[in-house]
Amino acid sequence: MLDLIAPYFERLYDTTGLNFSPFYDSYDWSRLLEGMFVSVKLIAAIVAVSLVIGVIGAGAQTSRLRPVRWCVAAYIEIFRNTPPIVQLLFFYFGLGAITPQVDMGGWYEPMIGSFGWAVIAIGIFGGSYNVEIFRSGVEAVPTATTEAAESLGFSSFKIFVYITLPLAFRFCLPALTNNIVSLAKTASLAYVIAVPEITYSLSGIWSDNVNVPEMMLLLFTYYIVLVAIIAKAMALLERKLALPGYGQ
């Protein structure tokens, strides 16, 4: 592909001075692709962690044990009321400093690298919002539905897993979509702890080629396209999971 577009972008650079080096330089091209791949992988991992936390937290909020509900409420307050970049730096530099290191045969590396800490920190941040989103979905499930399940002999756990949670997921998809899109953009903060995602890769390119405006335009375009794809995929999922009679 690079061979096909390289002549056009080289000519663009020669005639206008617009330097989109990743589209004609093989080294910059590889850095761009690597950054895009790491960025998508990072976003997928963050979203997965936040969804798991959201489901577990929403389930814990229905617990009959008051200390469990208090712990969930404290978690939500702490991580919703502090900036995500502060949380990221706290996890990476604070907890990372006391995390055990692994002997790699002559040198030591931290057990959790920058990518792992980014997933943990931003995933926990996103999970604090997902807990409330899933909670709203759980509360939207008709009482008659859960009562019918109880009359059939379902346990509280089975009612939550097989009935309440699937319906709650459908009800909260619009709000969940907004949070997933927000997390996709928040993932770019991983740049500050040297995770080699798209922002980090392009910053290396513009440092070498002094083509900041062109790379910033490329970065903006990347996120516009990525967010549009995520929003479209979530809209399709919402239509596919729609159930007649349940808010449809």
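- The environment of Tyr200 atom OH is sparse: at most 12 non-hydrogen atoms of other residues, nucleotides or ligands sit within 6.0 angstrom.
- A 4.5 Å side-chain heavy-atom check between Val192 and Tyr92 finds every atom pair outside the cut-off.
- Cluster annotation: Leu32 is connected to Val212 through the hydrophobic network of ILVMFWY side chains, with a link wherever side-chain heavy atoms come within less than 4.5 Å.
- Under a 4.0 Å N-O distance rule, the pair Arg31/Asp28 qualifies as a salt bridge.
- In this structure, Tyr75 and Phe79 have tilted ring planes: the angle between them lies in the 30° to 60° band.
- Using cut-offs of 30° and 60° for the angle between ring planes, the Trp117 and Phe91 rings count as tilted.
- Counting heavy atoms from C-beta outward, Val181 and Lys185 have side chains that approach closer than 4.5 Å.
- Ser182 has its side chain out of reach of Phe125: every pair of non-hydrogen atoms, C-beta onward, lies at least 4.5 Å apart.
- Looking only at side-chain heavy atoms (C-beta outward), Leu51 and Phe134 come within less than 4.5 Å of each other.
- Heavy atoms only, all atoms of each residue included: Ile159 and Ala149 are closest at CG1-CB, 3.8 Å.
- Looking only at side-chain heavy atoms (C-beta outward), Val55 and Phe169 stay at 4.5 Å or farther from each other.
- Side-chain contact between Leu95 and Phe90 is present, with heavy atoms from C-beta onward closer than 4.5 Å.
- Closest heavy-atom contact between Asn209 and Ser21: ND2-OG, 3.5 Å.
- Using a distance-only test at 3.5 Å, with no hydrogens or angles considered, a donor-acceptor pair links the side chain of Ser50 to the main chain of Val47.
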(request) Under the side chain to side chain contact (heavy atoms under 4.5 Å, CB included) rule, what do Asp25 and Ile205 come out as? Steps first, then yes or no, please. (result) CA-CA 11 Å; Asp25 182 274; Ile205 294 174; over 6 Å; no

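- Within the model, atoms CE of Met215 and OG of Ser207 stand 11.5 Å from one another, a figure rounded to the nearest 0.5 Å.
- To the nearest 0.5 Å, the span separating CD1 on Ile56 from CD on Gln61 amounts to 13.0 Å.
- Without hydrogens or angle criteria, Thr221 side chain to Leu217 main chain gives a donor-acceptor distance under 3.5 Å.
- Counting non-hydrogen atoms of other residues, nucleotides and ligands closer than 6.0 Å to CZ of Phe160 gives a total above 12.
- Of the possible polar contacts, none joining the Glu147 side chain to the Glu150 backbone as a donor-acceptor pair under 3.5 Å is found.
- In this structure a side-chain-to-backbone donor-acceptor pair under 3.5 Å is missing from Asn211 to Glu214.
- Ile229 CD1 to Met234 CE: the interatomic distance, rounded to the nearest 0.5 Å, is 14.5 Å.
- Closest approach of Ile43 to Ala184, counting heavy atoms only: CD1-O, 3.7 Å.
- Between Phe23 and Leu218, some side-chain heavy-atom pair lies under the 4.5 Å cut-off.
- Between atom NZ of residue Lys232 and atom CG of residue Leu236 there is a gap of 5.0 Å, rounded to the nearest 0.5 Å.
- Within the model, atoms CZ of Phe115 and CD1 of Ile193 stand 10.5 Å from one another, a figure rounded to the nearest 0.5 Å.
- Two different hydrophobic clusters hold Val68 and Val52 under the rule that ILVMFWY side chains link at heavy-atom gaps under 4.5 Å.
- When the side chains of ILVMFWY residues are joined at heavy-atom separations under 4.5 Å, either directly or via intervening members, Phe220 and Val225 end up in two distinct hydrophobic clusters.
- Distance alone, capped at 3.5 Å, places no donor-acceptor pair between the Ser39 side chain and the Met36 backbone.
- Nearest heavy atoms, Gly35 versus Ser201: CA-OG, 3.2 Å.
- With sequence neighbours left out, the side chain to side chain donor-acceptor pair (under 3.5 Å) criterion links Glu139 to Arg135.
- By the 4.5 Å heavy-atom criterion applied to side chains, Pro110 and Thr99 are not counted as neighbours.
- Heavy-atom neighbours of Tyr13 OH from other residues, nucleotides or ligands within 6.0 Å: at or below the threshold of 12.
- Gln87 places a side-chain N or O within donor-acceptor distance of the main-chain N or O of Thr82, the cut-off being under 3.5 Å.
- The shortest heavy-atom contact between Pro84 and Thr186 is CB-CG2, 4.0 Å.
- The nearest pair of heavy atoms linking Ala118 to Leu88 is CA-CD1, 3.7 Å.
- Going from atom CD1 of Ile120 over to atom CD1 of Ile112 covers 4.0 Å, rounded to the nearest 0.5 Å.
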(message) Pair Ile53, Asn130 - check side chain to side chain contact (heavy atoms under 4.5 Å, CB included), show working.
(response) CA-CA 7 Å; Ile53 292 175; Asn130 283 344; over 6 Å; no

